[in-house]
Amino acid sequence: KMAMFAILFMLYSFTTAQDFNLNGVNPYALRHKVKETTTSSFPDLPPCPDDLDLNVSWSGIDSSHPDLAPVFDQIDTLLGDVVTEQGLPGLVATVVFNDKVVWFKGYGKRNFSDPDSGPPTNNSLVKIASITKTFTDILLYRLKELNVVNMDDPLVKHMPMFSILGGDTNITLRQLASHTAGLPREVPFPCGFSGKCNESDVLEMLREEFLVMQPSTKFHYSNLGFALLGRALAHAMSQHSSNEESYTYEYLVETLITKPMGMGSTFTPTSKADLARVCEGIDMDNKSVPIGTLGWESPAGGLFASASDVAKLMMETMLTSDTPAISHESVRDSMAAAITMNDGIEAVGNPWEMRFVNISGLPYWFKGKQGELNGYRSSVMMVPSLKIGMFVSALKSNVAEKSVYTQPILSMLAPAVHKVLSSRQPAAAALLPTRTKPLVGTYYLGIEVKLENNMLLVDFFNDTYRLEGLDDSFEKARAQNRLQAKAIGEDYYFYPTRVSSYPPSQDPCRWKNDGAEEEIMYFIFKESEPSKAAGLKFMGSQLMRTD
């Protein structure tokens, strides 16, 4: 390898003055790559999840689909066994594909103390506990879009009376949203989970407490942080209001999120009619748990919701909602990893928790949020790359499986749905670039572009790439004179083609994410000679035509 590099370096160094200006080789291109020798050893895998076209018809992709019905039968059996074997009084579960609920079922009793009550329905209310935090973060992004707050605003800008001991307290809204503020986990005693304290009480107690760690040091889950965030957002909106109206967190969630999204069953119930819709949860001693409220701490976990409403939350997060509360850009930002965990496969966003899962050689990011308060354990989990999600709520805390079985169930569903979506992918467009013959030829250092088996290939040092067409963005760029190769000459321009490694690696999903499998190669043309490329530019190298 070193001898090869030395020879190429000398060739590069002893070119003529003109060649030196036009030809150049990036040493990275000379790296030695161990390639797989045959394509026959590749597993017969469907496309990478990120490569799927999800705009295909979803008609018939539901629980009755022949390839999916057996999986849903397994799901039903699994959850029925969980209720029986773990002594759960009841459980509610729903599955979303794209923009529709495709499966729902309630198990056990809606009210433990009423033997005649039926199972929970799609509109029954359950405590979603910490899933409430996703609504608090949606509110943060909504106020950001309304120019009420910035993500990096200090908390004290909107809550001036906040202070805590222990160093840098310039905590930002972004840090609160991603559990990286370094705050204690819980609201100080006796205010936590009690609903008995107001904001002044909590802030007075915090003046005598310490940060657990400096902000942005590491992930540290904090209910206190989300309570502060939700209440600070209400202050920010009040300060921004031209009529000096005072807003509450609860009012903003309703008017800016749940009402626009058609989520009429997401709130803290107070009326007799609403309380009658709440499923009865039980504690570890099988005693009924009072409904109660969290009061000032509600932004961290105080909401109740129905399964049908959580389905709408999943659609919002998977970018399939007809009535989105925030922009797609904001959703993507909230779902992106803000900090990674030490195990290397888990991460936390704002505030979505995510885990990398490899199923039969295919990579998926599972993204969700769990919540637990005495008497209830709830979980929402999605595979955004497939646009599938699941919500499960058990009417008892301390369920044996932390994700309330949403993760193992989606591990069964994901490859099955992946297979069905793969079968509906549109036929591949013509791969060859519009211009083919003008590209074929020999370039500096013997680099050859050739037409083989109706594929346009280029052997670029240790790698072989297949050249494919580009979309109409090329013509748009040409029309804007953005592809002129002025460094070569006033009458030169670039013609881009998409390239992919050939043959594809045995782990294409990994390398596509790395950027090694897909790139853009630019061919150099002279305006007066459109029938023959003058050179090419690729991977930091520029090689002029020699034949």
Side-chain angles (χ1 to χ4, degrees), residues 36 39 41-54 56 58 60-79 81-82 93-98 102-103 314 317-320 335-337 340-349 352-370 379-392 399-425 504-514 516-518:
E36 298 81 5
T39 57
S41 63
F42 300 157
D44 184 18
L45 295 177
C48 297
D50 292 341
D51 289 343
L52 287 172
D53 181 353
L54 298 179
V56 298
W58 285 76
I61 304 181
D62 53 32
S63 58
S64 64
H65 188 283
D67 290 333
L68 301 177
V71 181
F72 279 97
D73 288 342
Q74 293 179 55
I75 294 170
D76 187 19
T77 299
L78 169 63
L79 293 178
D81 290 345
V82 165
T94 192
V95 173
V96 168
F97 285 180
N98 195 37
V102 297
W103 184 83
M314 289 189 276
T317 307
M318 296 189 296
L319 308 179
T320 61
M335 296 288 279
T340 54
M341 303 293 101
N342 288 336
D343 61 6
I345 59 173
E346 293 180 297
V348 177
W352 295 98
E353 297 156 5
M354 50 203 79
R355 183 180 183 87
F356 179 79
V357 180
N358 190 302
I359 305 173
S360 302
L362 288 168
Y364 304 98
W365 277 101
F366 283 28
K367 302 188 178 187
K369 189 77 187 77
Q370 286 77 52
S379 174
V380 58
M381 187 81 71
M382 294 159 286
V383 186
S385 59
L386 299 176
K387 294 193 182 302
I388 62 174
M390 185 176 197
F391 170 70
V392 178
V399 178
E401 208 281 325
K402 185 175 71 170
S403 75
V404 203
Y405 299 91
T406 54
Q407 182 170 318
I409 287 173
L410 285 179
S411 294
M412 294 189 292
L413 264 179
V417 174
H418 195 151
K419 177 183 176 183
V420 173
L421 289 173
S422 297
S423 69
R424 297 199 177 189
Q425 295 301 290
S505 68
Q506 290 194 21
D507 190 6
C509 299
R510 161 67 177 88
W511 291 108
K512 282 192 175 183
N513 289 342
D514 182 70
E517 289 282 307
E518 297 178 310

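Here the structure is a predicted model, which means the values were calculated and not measured.
Atom CG of Leu362 sits about 13.0 Å away from atom NZ of Lys419, to the nearest 0.5 Å. Atom CE in Met381 sits 10.5 Å away from atom CD1 in Ile409 (nearest 0.5 Å). Note: Gln407 CD to Met390 CE = 12.5 Å, rounded to the nearest 0.5 Å. Rounded to the nearest 0.5 Å, atoms CZ (Arg424) and CG (Leu54) are 12.5 Å apart. The line from NZ of Lys387 to OG1 of Thr320 is 6.0 Å long, rounded to the nearest 0.5 Å. Taking NZ from Lys369 and OG from Ser403, the interatomic distance works out to 12.5 Å, rounded to the nearest 0.5 Å.
In this structure, Thr94 contributes its side chain and Trp103 its backbone to a donor-acceptor pair below 3.5 Å. Side-chain atoms of Ser379 never come within 3.5 Å of backbone atoms of Val392 as a donor-acceptor pair (strictly under, hydrogens ignored). For the pair Gln425 (side chain) and Asp53 (backbone), a donor-acceptor distance under 3.5 Å is present. With hydrogens and angles disregarded, a donor-acceptor distance shorter than 3.5 Å links the side chain of Lys367 to the backbone of Met335.
Of all heavy-atom pairs between Ser411 and Val357, the closest is OG-CG1, 4.5 Å. Here the closest heavy-atom approach between residue Ser422 and residue Leu52 is recorded as OG-CD2, 3.8 Å. Ile359 and Pro415 get closest at one heavy-atom pair: CG2-CG, 3.9 Å.
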Worksheet item: When you look at Glu401 and Val82, which way does the side chain to side chain contact (heavy atoms under 4.5 Å, CB included) test go after all the steps?
Response: CA-CA 10 Å; Glu401 208 281 325; Val82 165; over 6 Å; no

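Residues Val399 and Tyr405 have side chains in contact (heavy-atom distance under 4.5 Å, counting atoms from C-beta outward). Leu386 has its side chain out of reach of Phe97: every pair of non-hydrogen atoms, C-beta onward, lies at least 4.5 Å apart. By the 4.5 Å heavy-atom criterion applied to side chains, Leu413 and Val383 are not counted as neighbours. Considering only heavy atoms from C-beta on, Pro49 comes within 4.5 Å of Pro363 through its side chain.
Residue Asn342 qualifies as open at atom CG: its count of foreign heavy atoms under 6.0 Å is 12 or below.
Ring pair Tyr364/His418 is perpendicular by interplanar angle, where above 60° counts as perpendicular and below 30° as parallel.
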Would you mind writing out the side-chain donor-acceptor pairs for residues 63-75 within the sub-3.5 Å range, not counting sequence neighbours?
from	atom 1	to	atom 2	distance (Å)
Ser63	OG	Val102	O	3.2
Ser64	OG	Asp62	OD1	2.6
His65	ND1	Asp67	N	3.0

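When the ring-ring contact (aromatic ring centres under 6.0 Å, His included) test is applied to Trp365, the partners found at least two apart in sequence or on another chain are Phe356.
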